[in-house]
Amino acid sequence: MSQSEPWDEVDAYFADLLAQDDDALQAALRDSEAAGLPPIAVSAPQGKLLQLLAQVQGARTVLEIGTLGGYSTIWLARALPEDGRLISLEYDARHAEVATRNLARAGLDKIAEVRVGAALESLPRLADENPPPFDLVFIDADKVNNPHYVEWALKLTRAGSLIVLDNVVRGGRVLDAGSTAPDVQGTRAALELIATHPRLSGTAVQTVGTKGWDGFALARVL
């Protein structure tokens, strides 16, 4: 997408006015780019939305599935009290190394922890630790496993917790019920789980901006 598109300019206006990147956030993006990480971090307005959701929730504990370079992790961790806890699961060890450095530079290494490995292997180990229920779960990892991540989020939360599922529009491809694309299949299955599970009440919202045509689902645990 061209940077001259009007939605890019609107996003830039919102970011400059309401969700300014400080030095730590800018450095996280810069170091992620320098390390060759894909440029798929949330936008600044999206990061601020995650932070606000955690704050409105009064969150003390956050689980993030998919760390990348830690940009969204910084936004979320900043919403927590000094004795709060954020655990972020990242498949790629190189990504996790970048994220860990970024969190330390932001002064959040006492609150936020990055665990390396496939999330579907890390999640059972996390459950075995019997942690306090997470107040918010942010899912932004491989889309084919989205329904499994939602199921694990249910196991690790309590009534009143929030689950945020990113990238649910897939450029409109989510409409294709016959798609064989793993990301579409996984996203549709997760949305159908949110729609039908008796312990979930949710919705999905389309967005347009610097991240293109996309959106997120938000579900409350009942």
Side-chain angles (χ1 to χ4, degrees), residues 14-16 18-119 122-123 125-127 129-141 149 152-153 156-158 161-167 210-211 216 218:
F14 287 160
D16 289 343
L18 300 167
Q20 294 181 357
D21 281 342
D22 59 17
D23 290 344
L25 287 164
Q26 291 172 8
L29 292 177
R30 184 174 60 249
D31 285 7
S32 295
E33 181 181 7
L37 275 61
I40 56 174
V42 301
S43 68
Q46 291 167 345
K48 184 65 175 289
L49 175 62
L50 290 171
Q51 185 181 83
L52 287 169
L53 286 172
Q55 290 171 330
V56 169
Q57 181 71 357
R60 302 183 64 84
T61 54
V62 169
L63 173 63
E64 180 181 50
I65 303 175
T67 317
L68 195 63
Y71 183 76
S72 58
T73 321
I74 292 173
W75 280 107
L76 284 165
R78 285 178 170 175
L80 300 179
E82 290 185 2
D83 60 347
R85 186 187 191 197
L86 185 152
I87 295 177
S88 188
L89 308 180
E90 172 54 46
Y91 175 78
D92 192 302
R94 183 168 55 92
H95 295 183
E97 181 181 352
V98 173
T100 299
R101 289 199 305 267
N102 287 334
L103 289 165
R105 178 170 46 219
L108 296 166
D109 48 326
K110 299 294 190 297
I111 292 176
E113 170 192 359
V114 181
R115 299 188 179 188
V116 182
S122 299
L123 286 163
R125 291 196 291 267
L126 176 59
E129 297 173 15
N130 195 28
F134 290 95
D135 300 311
L136 186 148
V137 179
F138 178 47
I139 302 171
D140 189 14
Y149 297 147
W152 272 107
L156 292 166
T157 52
R158 55 170 174 79
S161 295
L162 291 180
I163 300 171
V164 184
L165 178 65
D166 203 9
N167 307 130
T210 58
K211 313 310 290 188
F216 63 92
L218 177 66

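Residue indices begin at 1 and follow the sequence shown.
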So, [X] side chain and [Y] main chain: donor-acceptor pair closer than 3.5 Å or not?
{"X": "Glu90", "Y": "Leu68", "answer": "yes"}
{"X": "Glu97", "Y": "Arg94", "answer": "no"}
{"X": "Glu113", "Y": "Ile87", "answer": "no"}
{"X": "Thr61", "Y": "Pro133", "answer": "yes"}
{"X": "Asp166", "Y": "Ile139", "answer": "no"}
{"X": "Lys211", "Y": "Ala41", "answer": "yes"}

Would you indicate whether Asp23, at its atom CG, is surrounded by more than 12 heavy atoms from other residues, nucleotides or ligands within a distance under 6.0 Å?
->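 Open: at most 12 neighbouring heavy atoms sit under 6.0 Å from CG of Asp23.
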Non-neighbouring partners of Arg105 that pass salt bridge (Lys or Arg N to Asp or Glu O under 4.0 Å), sequence neighbours left out = Asp31
The salt bridge (Lys or Arg N to Asp or Glu O under 4.0 Å) partners of Glu33 (sequence neighbours excluded) come to none
[Y] and [X], any side-chain heavy atoms less than 4.5 Å apart:
{"X": "Leu50", "Y": "Ser72", "result": "yes"}
{"X": "Tyr91", "Y": "Ile65", "result": "no"}
{"X": "Thr73", "Y": "Phe138", "result": "no"}
{"X": "Leu108", "Y": "Leu80", "result": "no"}
{"X": "Pro131", "Y": "Leu126", "result": "yes"}
{"X": "Ser43", "Y": "Lys48", "result": "no"}
{"X": "Tyr71", "Y": "Ser32", "result": "no"}
{"X": "Tyr149", "Y": "Ile163", "result": "no"}

Reported [atom1]-to-[atom2] distance for the pair [X] and [Y], which is rounded to 0.5 angstrom:
{"X": "Asn102", "Y": "Ile74", "atom1": "CG", "atom2": "CD1", "answer": "5.5 Å"}
{"X": "Gln46", "Y": "Asp140", "atom1": "CD", "atom2": "CG", "answer": "9.0 Å"}
{"X": "Arg78", "Y": "Ile111", "atom1": "CZ", "atom2": "CD1", "answer": "10.5 Å"}
{"X": "Thr157", "Y": "Phe134", "atom1": "OG1", "atom2": "CZ", "answer": "10.0 Å"}
{"X": "Arg115", "Y": "Leu63", "atom1": "CZ", "atom2": "CG", "answer": "9.5 Å"}
{"X": "Leu53", "Y": "Leu76", "atom1": "CG", "atom2": "CG", "answer": "9.0 Å"}

Which pairs, with at least one residue in residues 54-75 and sequence neighbours excluded, count as a salt bridge (charged side-chain N to carboxylate O under 4.0 Å, His left out)?
-> Arg60-Asp83
Heavy-atom pair with the smallest gap, counting every atom of [X] and [Y]:
{"X": "Val114", "Y": "Ala96", "answer": "CG1-CB, 3.7 Å"}
{"X": "Ala15", "Y": "Ala44", "answer": "CB-CB, 4.1 Å"}
{"X": "Ala79", "Y": "Ala54", "answer": "CB-CB, 3.6 Å"}
{"X": "Val116", "Y": "Ser122", "answer": "O-OG, 4.2 Å"}

Decide, yes or no, whether a salt bridge links Asp109 with Arg101 under the criterion of side-chain N to carboxylate O below 4.0 Å.
-> no
Kindly determine whether Trp75 and Asp21 satisfy side chain to side chain contact (heavy atoms under 4.5 Å, CB included), including the steps that lead there.
-> CA-CA 10 Å; Trp75 280 107; Asp21 281 342; 3.9 Å; yes
